[in-house]
Amino acid sequence: MPFYEPNEKTFLEIKEQLKDLKAILTKSQLLNPDDLFCDNEEFLKIMKISRRTSQFWRNTGIIGFIQIGNKIYFRLKDIQELLNKNYKPGNKK
């Protein structure tokens, strides 16, 4: 397979398109925080739980998840809902 080297004009066009794409993605994330995801490792750190507890929560439907191959993802919105659902207010004096 021959090596392709874009000329200066093509390179600048690609660079500009990447810059525009980055701006769109950044804006999209700011507008839709419900669509942010974390993987299982991040979830374990956030919740300070073991892998087995994470698996139990998934198996029993305590939290929703996405599995792509062997990789597990959680919506940050679902994590927040889990925490809010289990929130116990303190006693006010």
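Residue numbers count from 1 along this sequence. Being a predicted model, the structure only gives us computed values, none of them experimental.
I14 CD1 to K19 NZ: the interatomic distance, rounded to the nearest 0.5 Å, is 15.5 Å. Here CD1 of I68 is found 11.5 Å from CG of N70. Values are rounded to the nearest 0.5 Å.
Heavy-atom minimum distance, I46 versus C38: CD1-SG, 4.2 Å. The two residues L44 and R51 have their closest heavy-atom pair at CD1-CG, 3.6 Å. When all heavy atoms of F37 and E42 are compared, the closest pair comes out as O-OE1, 4.5 Å. Residue D78 comes nearest to G64 through the heavy atom pair OD2-O, 4.2 Å, listed as atom of the first residue, atom of the second, then distance.
No option in L18, D20, L12 other than D20 meets the side chain to side chain contact (heavy atoms under 4.5 Å, CB included) test with E16.
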Candidate pair L83 and M47, rule side-chain contact (heavy atoms from CB on, under 4.5 Å), full reasoning: CA-CA 9 Å; L83 292 172; M47 299 302 290; 3.7 Å; yes
side-chain contact (heavy atoms from CB on, under 4.5 Å) assessment of Y73 paired with N40: CA-CA 6 Å; Y73 298 95; N40 195 51; over 6 Å; no
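Residues E81 and I63 form no side-chain contact, since every pair of their non-hydrogen atoms from C-beta on lies 4.5 Å or further apart. In this structure, L36 and R75 have side chains that are not in contact, with every pair of non-hydrogen atoms separated by 4.5 Å or more.
A donor-acceptor distance shorter than 3.5 angstrom exists from the side chain of T60 to the backbone of F56, with no hydrogens or angles considered.
Listed by chain and number, the residues in a salt bridge (Lys or Arg N to Asp or Glu O under 4.0 Å) with E13 amount to none (sequence neighbours excluded). Contacts of F65 classified as side chain to side chain contact (heavy atoms under 4.5 Å, CB included), with partners at least two apart in sequence or in another chain: R58, Q67, I72, F74.
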